[in-house]
Participant: 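Just passing along the structure, written as structure tokens.
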Amino acid sequence: MNSWESLKQECAVCRACGLCEGRTNLVFGVGNEQADLMFIGEGPGEQEDLQGVPFVGPAGKLLDAMLEMINLDRSIVYIANIVKCRPPHNRDPQPQEMQSCRPWLERQIELVDPKLIVCLGRIAATALIREDFRITKEHGQWFAYGQRRILATFHPSALLRDPSRRPEAFMDLREIRKEYRALPGTNSL
Ligand code: URA
């Protein structure tokens, strides 16, 4: 069994926190397992829990449109979440739940080995960039994540609630595209 298969199998039976009690499906990740660019959201919603795939509900439709704007799609990038099981009533994942789930995400990041990571929303940014990260002030800027680079932009659900943020999110997407195109082997996109 290769590393991806064993990771998925181990993760599928995870009971490290209480979120496992309410899951229909664990939502592991989707996309290109060798992507240079990885997107990380917060946690599954209702549709994701039912289908076992990240970002397939209304926020997912907007995420797909955002990717399309920069000539990307799910066959090119990898998409995962901070927590792999749906929090009840779509509440924010709690710190202890994010901590319990973190080893799965770290192993995904190691296996995908992306050069660039994009946090979708404040929750992912506070988990991965800095605890007191301010999405409204610090979105669109690159930070270090070990040897990798990481940036946060607005969560697609936030953009659905508040479309006035869309121009700023578009600027972030342009920044992501610029850095992605500058990577070796990706300049034709
Ligand atoms: N919101 C997230 O953060 N992740 C999903 O997979 C879906 C909605």
Side-chain angles (χ1 to χ4, degrees), residues 7-8 11-12 14 16-20 22-33 35 37-69 72-102 104-109 112 114 116-131 133-136 138-140 145 150-163 165-166 168-169 172-173 176:
L7 182 62
K8 285 176 198 170
C11 190
C14 177
C17 79
L19 293 183
C20 65
R23 74 176 171 230
T24 311
N25 288 294
L26 183 134
V27 179
F28 183 75
V30 72
N32 182 338
E33 293 175 347
L37 177 56
M38 179 163 173
F39 286 79
I40 303 177
E42 181 179 322
E46 184 184 20
Q47 282 306 313
E48 290 76 20
D49 172 67
L50 291 173
Q51 296 182 41
V53 181
F55 285 98
V56 288
K61 300 234 159 27
L62 182 55
L63 178 60
D64 285 337
M66 289 161 72
L67 291 175
E68 209 180 309
M69 279 180 199
L72 295 172
D73 62 37
R74 289 174 187 235
S75 68
I76 300 174
V77 305
Y78 190 80
I79 305 171
N81 279 309
I82 298 284
V83 296
K84 313 287 187 232
C85 299
R86 183 188 181 196
H89 312 294
N90 296 347
R91 66 156 168 74
D92 289 351
Q94 293 168 354
Q96 174 267 327
E97 293 159 350
M98 296 199 275
Q99 210 178 332
S100 304
C101 218
R102 186 65 176 257
W104 302 121
L105 180 65
E106 291 301 336
R107 284 168 66 186
Q108 276 175 305
I109 294 173
V112 176
L116 306 175
I117 298 175
V118 174
C119 300
L120 293 167
R122 181 184 63 84
I123 298 281
T126 54
L128 298 176
I129 302 178
R130 224 183 48 248
E131 218 176 316
F133 191 87
R134 299 282 305 275
I135 192 84
T136 49
E138 296 177 284
H139 69 92
Y145 191 80
I150 190 164
L151 168 153
T153 189
F154 296 97
H155 193 286
S157 301
L159 297 173
L160 289 173
R161 282 194 303 272
D162 180 5
R165 293 280 182 200
R166 288 188 187 200
E168 288 169 89
D172 297 346
L173 289 170
I176 295 162

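One-based numbering, in listed order, for ligands and for the atoms of each.
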Participant: If you measure from the Lys or Arg side-chain nitrogens to the Asp or Glu carboxylate oxygens, is any gap between E42 and R122 under 4.0 Å?
Facilitator: no
Participant: Quick check on Q99: does its CD atom have over 12 non-hydrogen neighbours (other residues, nucleotides or ligands) under 6.0 Å away?
Facilitator: no
Participant: Would the number of heavy atoms belonging to other residues, nucleotides or ligands and lying under 6.0 Å from CD of E131 be above 12?
Facilitator: no
Participant: Which is it for E168 and H139 under the side chain to side chain donor-acceptor pair (under 3.5 Å) test, yes or no, and what are the steps along the way?
Facilitator: CA-CA 9 Å; E168 288 169 89; H139 69 92; 3.1 Å; yes
Participant: For atom 2 (C) of ligand 1, which candidate among G43, G29, A80, G41 provides the closest heavy atom?
Facilitator: G43
Participant: For ligand 1, which is the ligand I care about here, please tell me if S157 has any N or O atom under 3.5 Å from one of the ligand's N or O atoms.
Facilitator: no
Participant: Under a 4.0 angstrom heavy-atom cut-off, which atoms of ligand 1 come close to H155?
Facilitator: 1 (N), 2 (C), 3 (O)
Participant: If the test is side-chain contact (heavy atoms from CB on, under 4.5 Å), which one of I82, L128, V83 qualifies with R102?
Facilitator: L128
Participant: So for Q47, does at least one of its heavy atoms come nearer than 4.0 angstrom to any atom of ligand 1?
Facilitator: no
Participant: Which atoms from ligand 1 have a heavy atom of E42 less than 4.0 Å away?
Facilitator: 2 (C), 3 (O)
Participant: Hey, looking at atom 7 (C) of ligand 1, which of E46, K84, E48 has the closest heavy atom?
Facilitator: E48
Participant: Which ligand 1 atoms are under 4.0 Å away from a heavy-atom of P54?
Facilitator: 6 (O)
Participant: Students should be able to answer this: which protein heavy-atom is nearest to atom 4 (N) of ligand 1, and at what distance?
Facilitator: N81 OD1, 2.8 Å
Participant: Working to the nearest 0.5 angstrom, can you tell me the gap between M66 CE and D172 CG?
Facilitator: 8.0 Å
